[in-house]
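The analysis underlying the following values was restricted to heavy atoms, covering all of them including side chains, and did not include hydrogens, waters or symmetry mates. Here the structure is a predicted model, which means the values were calculated and not measured.
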Amino acid sequence: MAFRCQRDSYAREFTTTVVSCRPAELQTEGSNGKKVLSGFHVVLEDTLLFPEGGGQPDDRGTINDISVLRVTRRGEQADHFTQTPLDPGSQVLVRVDWERRFDHMQQHSGQHLITAVADHLFKLKTTSWELGRFRSAIELDTPSMTAEQVAAIEQSVNEKIRDRLPVNVQELSLDDPEVEQVRGRGLPDDHAGPIRVVSIKGVDSNMCCGTHVSNLSDLQVIKILCTEKGKKNKTNLIFLAGNRVLKWMERSHGTEKALTALLKCGAEDHVEAVKKLQNSTKILQKNNLNLLRDLAVHIARSLRNSPDWGGVVVLHRVAEVLEGKGAGKKGRFQGKATKMSRRTEVQALLQDYISTQSAKE
């Protein structure tokens, strides 16, 4: 069964009926650690909210203005987690968080396009992908990629966006001969019903359960940021699509303006200015270290020549009595202490040690 969100990815609200509502728990993870929320799994006759699947995260939205915190697929149904119960049989208005949904549509359709082009140009096969919160990654079955390959893929996908190629969704029966011509990485074990196929005209046909744009022009633009070494001789291609590119440019421009103000130079000179600062810092650190060494020698000589010299002078925060941590080497000991209130005991301990050694001699 295809949900309403899959039949019409652009629909933002619709009315349906509650089928069931049962107690449930949701485990969340935030800055304060893991937390278990008590609530309900609500099943609707149909849903506008996409349950996670196919590498795409689930939607957020509301049912009668009640927030839906998670949507998961269970066979041919979708469980909507809410913290307020809903009466079975009641009519409800479902609204989707459109900004999140459209972002996911752009990234997912962008992934299909990049995957198809990488395969067509360089026979690079996609083995998996991840739609991340800030950027997305396509895992390609190759140990490395050249800068020229990346540039060629980026150029080709953006040409196809400018060509305004349509994206169509159709459902095929499992025994349809066309299924053999469709790209895919297999069906889930609990799949039931027809196979959903997403096609980019003249470019790609792929089995997919996710939500997609209806025309590549809705992607606006795709930017491939970089490649990263993946696992088991794979390469991860990192990309942004659509509004994420605009947000990335806005953040980058903000950083550029801040650096211009701090470095007192134009953006084209930022790298050289930072290099100069790094070199200056290294020189200052070296000079500071030399000064500290000279100061240590001066203090040691002053203490040795002091009339109060008795073989022991408490100056450094060391020793087990002080609950310190450190190590000794070549007659020196360096460490940190947490109980300075016991430094008198340490001084007495050291004085006793020196007196004992002197008596043995």
Side-chain angles (χ1 to χ4, degrees), residues 1-16 43-63 68 70-74 76-80 92-116 129-133 136 138 157 160-161 163-172 182-185 187-188 191-222 239-247:
M1 170 187 172
F3 299 118
R4 175 66 184 272
C5 56
Q6 295 169 305
R7 300 194 304 274
D8 182 4
S9 297
Y10 287 82
R12 303 192 187 193
E13 64 177 55
F14 91 128
T15 301
T16 187
V43 176
L44 307 174
E45 279 189 358
D46 200 350
T47 185
L48 200 64
L49 305 183
F50 177 74
E52 57 187 356
Q56 179 178 325
D58 57 331
D59 281 336
R60 294 291 181 271
T62 59
I63 304 175
V68 176
R70 186 69 54 81
V71 189
T72 52
R73 187 174 67 88
R74 182 164 52 89
E76 296 186 0
Q77 296 180 326
D79 287 330
H80 306 73
V92 291
L93 178 64
V94 182
R95 290 192 177 98
V96 65
D97 178 340
W98 175 247
E99 183 177 358
R100 177 184 171 95
R101 155 69 69 75
F102 189 59
D103 171 61
H104 290 176
M105 289 165 61
Q106 287 185 319
Q107 309 317 308
H108 203 161
S109 296
Q111 176 264 314
H112 278 220
L113 180 57
I114 295 172
T115 288
W129 87 291
E130 178 186 11
L131 200 167
R133 185 177 176 185
S136 297
I138 298 173
V157 297
K160 288 172 173 48
I161 291 172
D163 288 341
R164 300 174 56 84
L165 299 179
V167 180
N168 299 309
V169 178
Q170 62 180 139
E171 293 184 354
L172 302 176
V182 175
R183 182 172 57 84
R185 296 195 298 273
L187 297 169
H191 175 80
I195 296 173
R196 189 167 179 267
V197 177
V198 177
S199 300
I200 303 172
K201 186 178 180 181
V203 177
D204 182 50
S205 288
N206 184 27
M207 299 180 193
C208 184
C209 65
T211 57
H212 290 271
V213 299
S214 61
N215 192 288
L216 290 187
S217 62
D218 273 353
L219 296 185
Q220 301 166 274
V221 66
I222 286 176
F239 77 95
L240 306 172
N243 290 332
R244 291 196 182 192
V245 178
L246 301 179
K247 291 178 180 179

When you measure from the side chain of Gln6 to the backbone N and O of Cys209, does any donor-acceptor pair fall under 3.5 Å? yes
Gln107-Gln56 side chain donor-acceptor pair, cut-off 3.5 Å: no
So that I can tick it off, tell me whether Asp97 and Arg95 are bridged by a salt bridge, with the cut-off set at under 4.0 angstrom between side-chain N and carboxylate O. no
Verdict with reasoning, Leu48 to Phe3, per side-chain contact (heavy atoms from CB on, under 4.5 Å): CA-CA 7 Å; Leu48 200 64; Phe3 299 118; over 6 Å; no
Does any N or O in the side chain of Gln77 come within less than 3.5 Å of the main-chain N or O of Val43, such that one atom is a donor and the other an acceptor? no
In terms of relative ring orientation, are His112 and His108 parallel, tilted or perpendicular, with 30° and 60° separating the classes? perpendicular
Would you give the length of the straight line joining atom NE2 of His104 to atom CG of Leu131, rounded to the nearest 0.5 angstrom? 5.5 Å
Tell me, with the steps shown, if Val68 and Ile63 meet side-chain contact (heavy atoms from CB on, under 4.5 Å). CA-CA 7 Å; Val68 176; Ile63 304 175; 3.6 Å; yes
Check: Arg196 side chain, Gly210 main-chain N or O, donor-acceptor pair, under 3.5 Å: yes
Hey, what's the ring geometry for Phe102 with Tyr10, parallel, tilted or perpendicular (30° and 60° as the breaks)? tilted
Sidechain N-carboxylate O distance under 4.0 Å for Asp59, Arg100: no
Hey, are Arg73 and Asp58 close enough for a salt bridge, meaning a charged N less than 4.0 Å from a carboxylate O? no
Using a strict threshold of under 4.0 Å (side-chain N to carboxylate O), is an ion pair present between Glu13 and Arg101? no
To the nearest 0.5 Å, how far apart are NE2 in His212 and CG in Leu113? 11.5 Å
Pick out which of Val203, Asn215, Val198 makes a side-chain contact (heavy atoms from CB on, under 4.5 Å) with Val167. Val198
side-chain contact (heavy atoms from CB on, under 4.5 Å) for His80 and Leu44? Distances and angles first, verdict last. CA-CA 8 Å; His80 306 73; Leu44 307 174; 3.9 Å; yes
Hydrogens and angles aside, do Ser199 and Ser205 bring a side-chain donor and acceptor to less than 3.5 Å of each other? yes
